[in-house]
Enquirer: 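Sharing a structure below in structure tokens format, with a few things to ask.
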Number of protein chains: 2
Amino acid sequence: MRGNLFAVGVDLVVLTVRGDELCVLLVRRSEQPFEGSWGLPGGFVAPDEDLADTAARELSAQIGSGAAGRVTGHLEQLAGYAAPDRDPRGRVLSVAFLALLPDLPDPDQPGVTSGWHPVADVADLAFDHTRILSDGVERARETLEYTTLAAAFCPPEFTITDLRRVYEAVWRTEIDPRNFSRKVTSTPGFLIPTNRHVTGGPGRPAQLFRRGPATRLHPAMLREPAVRAAG
Amino acid sequence: MRGNLFAVGVDLVVLTVRGDELCVLLVRRSEQPFEGSWGLPGGFVAPDEDLADTAARELSAQIGSGAAGRVTGHLEQLAGYAAPDRDPRGRVLSVAFLALLPDLPDPDQPGVTSGWHPVADVADLAFDHTRILSDGVERARETLEYTTLAAAFCPPEFTITDLRRVYEAVWRTEIDPRNFSRKVTSTPGFLIPTNRHVTGGPGRPAQLFRRGPATRLHPAMLREPAVRAAG
DNA sequence: ATAATAGTGTCTCTTAGACATTATGAA
DNA sequence: TTCATAATGTCTAAGAGACACTATTAT
């Protein structure tokens with residue numbers, strides 16, 4: 001009466017920006033199937049969990065609950081994947097979540113080999129994880145266009161240059177620092193100025209900001225120049 | 001080793017525009033649980049189906065495969081819903097899909113009571129369908145901002161006024177016809193002019209257009225005026 | 001002083017928003 | 001003629017893109 005039964009798991013596309021590159025957290029599989037391959041971290045949904053609970057639990061397990069507690073990141077559902085042959089063990093539906101985190105140290109999990117990998121270098125993941133990663137990266141790219149979520153890639157206090165490097169890494173483009181600064185500082189509620197500045201490096205010290213309450217960019221910041229109207 | 005098992009279904013948020021209102025296709029449930037309540041159409045995933053297959057099959061079953069074949073609509077995955085108590089029969093995960101269709105006649109399915117209901121009037125659906133509907137409507141509203149998918153609500157040939165009424169119904173706003181016309185006609189690939197015109201009514205005959213290949217609006221059309229920058 | 005980076009300012013072009021006018025049909 | 005609707009045009013202000021200049025630190 002209700003069709004066949006599925007195992008249901010949650011897979012995580014955990015993204016961060018390290019240096020100039022967008023990176024994803026991968027784990028090396030220690031079991032069949034795809035033993036020895038890299039794949040997305042994930043796990044099955046426990047009896048009393050909702051999907052977001054499973055995702056949050058798995059994320060804490062991966063990056064360490066200590067780090068998870070003080071991180072100003074972002075976690076959202078991406079999509080469900082359930083192709084009949086996606087798992088050789090049988091029918092497994094996976095709901096993928098997208099996590100955006102500031103740059104954290106490499107995880108050091110007992111018995112689990114995991115680490116950050118530049119997205120551009122990733123290929124041939126286990127299951128359909130290459131496709132899920134691709135969907136997650138595209139979602140992140142779109143999200144940065146019309147929301148303020150780029151700040152989820154930054155630590156609690158960050159400079160405008162830090163924020164710009166996030167956009168440049170995720171979009172793989174260069175952005176004019178002056179126009180970028182004008183855009184983000186003129187969006188009400190995007191950035192809250194602190195009176196603290198970064199010191200140590202060369203050049204004029206940059207002001208530190210915190211995330212403000214704004215969630216959407218009006219109008220959007222475009223990856224590519226607008227298509228010129230005909231005529 | 002893989003957690004507990006779920007029944008997996010697909011629920012459809014099928015939206016159309018009738019007159020000046022955004023409407024959703026609902027079915028009256030003839031079985032427990034929630035017997036007699038209205039709910040979203042849906043069904044379980046068959047053994048060899050992927051999620052999109054199930055969604056397409058259910059959609060055809062609801063609106064009639066004849067209508068489905070000639071319709072220029074849109075079908076996309078919305079989200080997965082799996083709260084532990086969402087179905088009293090046990091653990092059921094539902095992947096919701098959003099369908100946008102032109103105005104079609106009321107379905108006449110043997111043994112199934114279904115029909116179009118203005119979204120604004122809908123309340124107290126079965127299961128968590130009120131929430132799913134709400135998510136679907138919000139997705140549709142966002143989508144119209146930065147894509148050309150409003151045309152999925154229109155028949156194969158339509159006027160600019162038809163298209164504007166879609167935006168007005170989905171957003172529940174009024175849009176200036178002159179600025180709207182300029183926006184959509186100046187977006188390359190949004191509308192392909194035919195040389196046919198509608199006749200019969202009062203006023204100057206309007207030109208008929210078909211959907212073009214463009215998928216995104218650059219820049220977006222905003223529901224609400226942009227927030228004025230501080231200063 | 002020099003290099004490097006942060007921050008501000010200016011100019012132009014495109015587009016959104018507000019609104020007027022003309023065009024073309026039905027009653 | 002009158003009414004209704006389509007289609008085009010005009011003006012203004014906001015914002016994007018391009019780029020020059022000033023400010024403040026390390027070496």
Side-chain angles (χ1 to χ4, degrees), chain A residues 19-20 144-146 154 157-168 171 173-188 190-191 193-209 214 216-231, chain B residues 20 144-146 154 157-165 167-168 171 173-188 190-191 193-209 214 216-231:
Chain A
D20 293 337
L144 260 56
E145 287 192 281
Y146 48 89
C154 295
E157 296 200 340
F158 55 91
T159 68
I160 292 180
T161 296
D162 293 335
L163 188 65
R164 177 168 51 82
R165 293 205 199 290
V166 167
Y167 278 91
E168 292 179 331
W171 287 348
T173 58
E174 291 212 335
I175 300 175
D176 185 281
R178 301 157 293 187
N179 293 335
F180 180 83
S181 176
R182 183 183 54 194
K183 175 68 177 177
V184 296
T185 57
S186 70
T187 298
F190 193 173
L191 300 178
T194 70
N195 287 322
R196 313 201 312 117
H197 294 255
V198 283
T199 59
R204 178 172 170 176
Q207 190 174 7
L208 286 165
F209 293 84
R216 306 212 16 128
L217 284 178
H218 277 308
M221 202 178 318
L222 298 179
R223 277 181 271 185
E224 54 212 28
V227 179
R228 181 74 59 78
Chain B
D20 294 336
L144 260 56
E145 287 192 281
Y146 48 89
C154 295
E157 296 201 338
F158 55 91
T159 68
I160 292 180
T161 296
D162 293 335
L163 188 64
R164 177 169 49 84
R165 292 205 198 290
Y167 278 90
E168 292 179 331
W171 288 349
T173 57
E174 291 213 337
I175 300 175
D176 184 280
R178 299 155 296 186
N179 293 335
F180 180 82
S181 177
R182 183 182 56 196
K183 174 70 177 175
V184 296
T185 57
S186 70
T187 299
F190 193 173
L191 300 179
T194 70
N195 285 323
R196 312 200 315 117
H197 295 254
V198 284
T199 59
R204 177 171 170 174
Q207 191 175 7
L208 285 164
F209 294 84
R216 308 216 10 133
L217 285 178
H218 277 308
M221 202 178 316
L222 299 179
R223 279 183 269 187
E224 55 212 26
V227 179
R228 180 75 59 78

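The figures here come from the full heavy-atom set of this structure, side chains too, leaving out hydrogens, waters and symmetry mates. Here is the naming used below: chain letters follow the sequence lines, and residue numbers restart at 1 for every chain.
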Enquirer: How sharply is the helix from dA1(C)-dT27(D) to dA27(C)-dT1(D) bent, taking the axes over five pairs at either end and rounding to 10 degrees?
Expert: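 Terminal axis comparison yields 0°.
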
Enquirer: To the nearest Å, give me how far apart CZ (F158(A)) and C1' (dT5(C)) are.
Expert: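 Nearest whole value for this atom pair: 19 Å.
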
Enquirer: Nearest-Å distance, CG (L222(B)) to C1' (dA14(D))?
Expert: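 That distance rounds to 12 Å.
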
Enquirer: Work out which heavy atom in A214(B) is nearest to a heavy atom in F190(B); give both atom names and the distance.
Expert: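 Minimum heavy-atom separation between A214(B) and F190(B): CB-N, 3.7 Å.
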
Enquirer: Provide, to the nearest angstrom, the distance between the NZ atom belonging to K183(B) and the C1' atom belonging to dA18(C).
Expert: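 Going from K183(B) (NZ) to dA18(C) (C1'), I get 17 Å.
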
Enquirer: Between protein and nucleotides 5-12 of chain D, map the contacts as a letter string: B base, S sugar-phosphate only, - none, heavy atoms under 4.0 Å, written 5' to 3'.
Expert: BBSBBB--

Enquirer: For residues L144(B) and L217(B), report the shortest heavy-atom separation together with the two atoms involved.
Expert: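 Closest approach of L144(B) to L217(B): O-CD1, 4.1 Å.
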
Enquirer: dT15(C) P sits how many Å from I175(B) CD1, rounded?
Expert: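 One finds 19 Å between P of dT15(C) and CD1 of I175(B), rounded.
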
Enquirer: Using whole Å, report how far CZ of R196(A) lies from P of dT24(D).
Expert: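 It is 20 Å, rounded to the nearest whole Å.
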
Enquirer: Restricting to non-hydrogen atoms, name the atom on V184(A) and the atom on M221(A) that form the minimum distance, rounded to 0.1 Å.
Expert: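 Closest approach of V184(A) to M221(A), heavy atoms only: CG1-CE, 4.3 Å.
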
Enquirer: How about C154(A) and R165(A): do any of their side-chain heavy atoms sit closer than 4.5 Å?
Expert: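 Not touching, per the 4.5 Å side-chain cut-off.
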
Enquirer: I need the minimum non-hydrogen distance between L222(B) and W171(B), along with the two atoms involved.
Expert: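 For L222(B) versus W171(B), the nearest heavy atoms are O-CZ3, 4.0 Å.
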
Enquirer: Does the E168(A) side chain pair with the main chain of I175(A), one donor and one acceptor, at a distance under 3.5 Å?
Expert: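 It does hold such a pair.
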
Enquirer: Nearest-Å distance, CZ (F180(B)) to C1' (dT15(C))?
Expert: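 Rounding to the nearest Å, CZ of F180(B) and C1' of dT15(C) are 16 Å apart.
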
Enquirer: Residues two or more places apart in sequence or in another chain: which of them pass salt bridge (Lys or Arg N to Asp or Glu O under 4.0 Å) with R196(B)?
Expert: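 In terms of salt bridge (Lys or Arg N to Asp or Glu O under 4.0 Å), with neighbours along the sequence ignored, R196(B) is linked to E157(B).
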
Enquirer: If every non-hydrogen atom of H197(B) is compared with every non-hydrogen atom of N195(B), which pair is closest and at what distance?
Expert: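 It is CD2-O, 3.4 Å.
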
